[in-house]
Amino acid sequence: MVIVLIVSAIIGLVSAFVGSIAGLGGGIVLVPTMLFLSQMFDVFSWATPQKIVGISIVTMIFTGMSSAFSYMKSKRVDIKSGWIFLIGSIPGGILGSYLNQFFSGDKFSLFFGVLMLFLFGVFFLPRKSNMGVLEKEQAGMQREVEIEGEIHRYGYRPLAGVLLAFSIGMLSGLFGIGGGSMMVPAMILLFGFPAHIATATSMFMIFFMSISNSITHILLGNIEWIYTLAFIPGAYIGGMLGAQVNKLLKGQYVEWVLRIMLLIIAIRLILQGIG
């Protein structure tokens, strides 16, 4: 029991640290790691896909809290856009959390891996400099931000943002990944968000999404509290440290951290799912 709690605390720290750097929320590291441990070691046999997702989502409340506070102090969170996206992502997350109970272990790993591989490929699609797929002049919501003396402009249609966030929120609740691994690429590629603003806004959203998704998983009985509590201290510290490291990286480096994480996890999960 003690070993499990110590390992859980370490996983919470590492996953939150990596997740916060790229705006992923930590679930993209925590979920596949726990799936692997549950299949390899008897002491983790309690960790079904449903319980792993439940732990991930509760833990991300604290990852999101610590990193979002840090990002807000440096004024990198697009709060207005974050609230618009939350209109769609919160109900989507509740629906996804409910659907999670119908997935088995291997099927869960395979679908999760394919999703990560798709997102990795999306990052290599051609795009215009400092713009997303939508022309900022045509967008209903136009934003402007200064990062290290450089002005960045981007824009999107609020309805498109809400619908996209609903879809991503549903996948977030389903897979327990916080939505950042999908929302960050979407904000960068479709709406032209600077990478730093996308990651910071994603962590702001993850905090609120995780609260609503957690309520659903608690009602479904998916939370193993004795193990979940072991993840929380590491997740809070890791989220805060990851946000600090993010500020030191250039935008293109943040994108490469995201790409590499998506590829490694996708390959591991697909092999696990078909094995």
Side-chain angles (χ1 to χ4, degrees), residues 4-5 7-20 22-39 44 46-68 89-90 92-101 103 105 108-109 111-113 115-116 168-184 202-203 205-239 242 261-262 265 268-269 272:
V4 174
L5 296 178
V7 171
S8 297
I10 294 173
I11 293 173
L13 175 65
V14 174
S15 60
F17 174 73
V18 175
S20 182
L24 306 181
I28 197 172
V29 177
L30 189 152
V31 173
T33 300
M34 290 300 296
L35 285 172
F36 172 76
L37 292 175
S38 69
Q39 295 183 4
F44 287 95
W46 54 268
T48 64
Q50 288 71 32
K51 294 188 185 309
I52 292 172
V53 170
I55 287 175
S56 175
I57 288 177
V58 171
T59 301
M60 280 189 292
I61 294 176
F62 299 89
T63 303
M65 180 191 302
S66 61
S67 56
S89 62
I90 288 179
I94 293 173
L95 175 61
S97 297
Y98 171 75
L99 295 175
N100 168 269
Q101 61 186 310
F103 280 76
F108 183 91
S109 298
F111 286 170
F112 193 2
L115 175 63
M116 296 299 100
I168 291 175
M170 182 176 66
L171 293 173
S172 167
L174 179 62
F175 292 114
I177 54 178
S181 57
M182 293 166 283
M183 198 64 199
V184 173
S202 171
M203 295 309 301
M205 293 172 56
I206 283 171
F207 170 63
F208 291 99
M209 288 172 59
S210 297
I211 292 174
S212 61
N213 291 352
S214 293
I215 294 173
T216 304
H217 280 280
I218 290 171
L219 293 176
L220 292 172
N222 292 340
I223 310 299
E224 286 283 351
W225 286 109
I226 189 171
Y227 299 114
T228 302
L229 293 175
F231 283 88
I232 291 174
Y236 186 85
I237 295 171
M261 290 304 304
L262 291 175
I265 293 171
R268 179 70 187 88
L269 284 171
Q272 182 173 312

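The structure displayed is predicted, hence computed values, not measured ones.
For the atom pair I57 CD1 and I215 CD1, the distance stands at 11.5 Å (nearest 0.5 Å). Within the model, atoms OG1 of T59 and OH of Y236 stand 15.0 Å from one another, a figure rounded to the nearest 0.5 Å. To the nearest 0.5 Å, atoms OG (S38) and NZ (K51) are separated by 12.5 Å. Taking CG of L220 as the reference point, atom OH of Y98 lies at 8.5 Å (rounded to 0.5 Å). Taking CD1 of I168 as the start and CE of M209 as the end, the distance is 8.5 Å to the nearest 0.5 Å. Rounding to the nearest 0.5 angstrom, the gap separating the CE atom in M60 from the CE atom in M203 is 8.5 Å.
By the 4.5 Å heavy-atom criterion applied to side chains, T33 and S15 are not counted as neighbours. Counting only heavy atoms from C-beta outward, the side chains of V58 and W225 approach each other to under 4.5 Å. Side-chain contact between V7 and L37 is present, with at least one heavy-atom pair separated by less than 4.5 Å.
Scanning all heavy atoms of the two residues, the minimum distance from M34 to W46 falls at CE-CH2, 4.0 Å. When all heavy atoms are compared, the tightest approach of G239 to S67 is O-CB, 3.3 Å. S212 and I90 get closest at one heavy-atom pair: OG-CG2, 3.6 Å. Across all their heavy atoms, I52 and L30 have their closest contact at O-CD2, 4.3 Å. Taking every heavy atom of both residues into account, S8 and Y227 meet most closely at CB-O, 4.5 Å. Of all non-hydrogen atoms in I55 and I223, the two that sit nearest each other are N-CD1, 4.4 Å.
Counting only distance, with no hydrogens or angles, the side chain of S66 and the backbone of T63 share a donor-acceptor pair below 3.5 Å.
Within a 6.0 Å sphere centred on CZ of F44, heavy atoms belonging to other residues, nucleotides or ligands number more than 12. Annotation for L5: atom CG counts as buried by contact number, over 12 foreign heavy atoms lying within 6.0 Å.
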